[in-house]
Amino acid sequence: MSSASNVSIDAYSEKASCERLLWVHRWTDKLLSFRTTRPAGYRFTAGQFARLGLEIDGQVVSRAYSITSAEHEDVLEYYAIIVPGGQFTSRLDALQPGDPVWVEKLSYGFMTADRFSDGRQLWMLATGTGLGPYVSILQQPEVWQRFEDLVLVHGVRQCAELAYADKFAQLRQQAAAQGWPARLHSLRCVTREEVLPSSPGLLAGRITDLLRGGQLEQAAGLSLTVDDARVMACGNPEMVTEVRELLRQRGMSPLRRAGGGQFVTEDYW
Ligand SMILES: Cc1cc2nc3c(=O)[nH]c(=O)nc-3n(C[C@H](O)[C@H](O)[C@H](O)COP(=O)(O)OP(=O)(O)OC[C@H]3O[C@@H](n4cnc5c(N)ncnc54)[C@H](O)[C@@H]3O)c2cc1C
Ligand SMILES: NC(=O)c1ccc[n+]([C@@H]2O[C@H](COP(=O)([O-])OP(=O)(O)OC[C@H]3O[C@@H](n4cnc5c(N)ncnc54)[C@H](OP(=O)(O)O)[C@@H]3O)[C@@H](O)[C@H]2O)c1
């Protein structure tokens, strides 16, 4: 899926608001989280993405970014990878707090938890920065009240790329303190570094192989079934395609506007 566009600043300003970069946190040399001011009146549902624009050579280059902040926050936060040679991310990498970031006034995307009207478990599968929408979704109290089990599965190459782990631990504590019923299962799948079997929830291998082989269900202590499980998958498009096929083999189908279906997916490129 292409998310690119280059337009003049004048044309872009009709649909976007010129905001400011507020904060950058670097997880690794290639992974960062950043925050911008939030346009007045900007509305989104957790799981949606914003389209951001950066000024490059007198034009605006825009790309899609999932929002990681909670719906009520005054700022917008995102989780990004710097793609080697990437037009947008090379500029993003060089931004300093105070620099302009255009934010389109509309929010986009259909990967939101409120679209599932039934099911008891919410499975959230991500590779790499595909984790972003779940950081926002897990900050919504409704999701902890609506589901019995929240299963977050993050697939990365190296352990250092397992971002937001402290945030998830904090959300689990907050949920316990508030008496919210859902249990959060955090599974981390690492492909290019040896992982110690003693660390709970830490698995070796690709999400797709671990789903196919039953290790994800075993680690969560749950069965991923048509009746109980509702699934989101986000990130690497080849992973997403394979997950869709694996879910179909289990009798599941994509969520439909008219009702029915068990999964929803988002490709990042
Ligand atoms: C709906 C949607 C939501 C998105 N949300 C995010 C997000 O929250 N965070 C984020 O970092 N990116 C996200 N992306 C990807 C983002 O829009 C851009 O593709 C990315 O910023 C690269 O832009 P670029 O101009 O630097 O590189 P380009 O020159 O456009 O290079 C694109 C190539 O870089 C690789 N690539 C692009 N994005 C990623 C990625 N996220 N992880 C690994 N490899 C990648 C792919 O091989 C792709 O073909 C999203 C894309 C879509 C369609
Ligand atoms: N030039 C290229 O062709 C190319 C391709 C991909 C990424 N990149 C660049 O490399 C950087 C790394 O990105 P990233 O690590 O965040 O993303 P990523 O390459 O998508 O890898 C993240 C995780 O997803 C796994 N994965 C990849 N393909 C999968 C599939 N088909 N099914 C299931 N799991 C799959 C990876 O496993 P494995 O370790 O087993 O792959 C890894 O654990 C980015 O900058 C990106 O632009 C370049």
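The figures here come from the full heavy-atom set of this structure, side chains too, leaving out hydrogens, waters and symmetry mates. Each ligand, and each atom within it, is numbered from 1 in the order the structure gives.
- Residue Arg157 touches ligand 2 through backbone and side chain together, judged by heavy-atom distances below 4.0 Å.
- Protein heavy atoms are found inside the 4.0 Å sphere centred on atom 38 (P) of ligand 2.
- When each atom of ligand 1 is checked for a heavy atom of Asp267 under 4.0 Å away, the hits are 52 (C), 53 (C).
- Atom numbering of ligand 2 starts at 1 in the shown order; those under 4.0 Å from a heavy atom of Pro84 are 45 (O).
- Distances from atom 4 (C) of ligand 2 to the protein include no heavy-atom value under 4.0 Å.
- For Val83, the closest heavy-atom approach to ligand 2 falls below 4.0 Å.
- Within the 4.0 Å cut-off (strictly below), a protein heavy atom is located near atom 27 (C) of ligand 2.
- The nearest protein heavy atom to atom 12 (C) of ligand 2 is closer than 4.0 Å.
- To the nearest 0.5 Å, atom CD of residue Gln87 and atom CG of residue Asn6 are 5.0 Å apart.
- Distance check on atom 1 (N) of ligand 2: every protein heavy atom falls at or beyond the 4.0 Å cut-off.
- In this structure, atom 46 (C) of ligand 2 is not in close contact with the protein, since no protein heavy atom lies within 4.0 Å of it.
- At least one heavy atom of Gly86 sits less than 4.0 Å from an atom of ligand 1.
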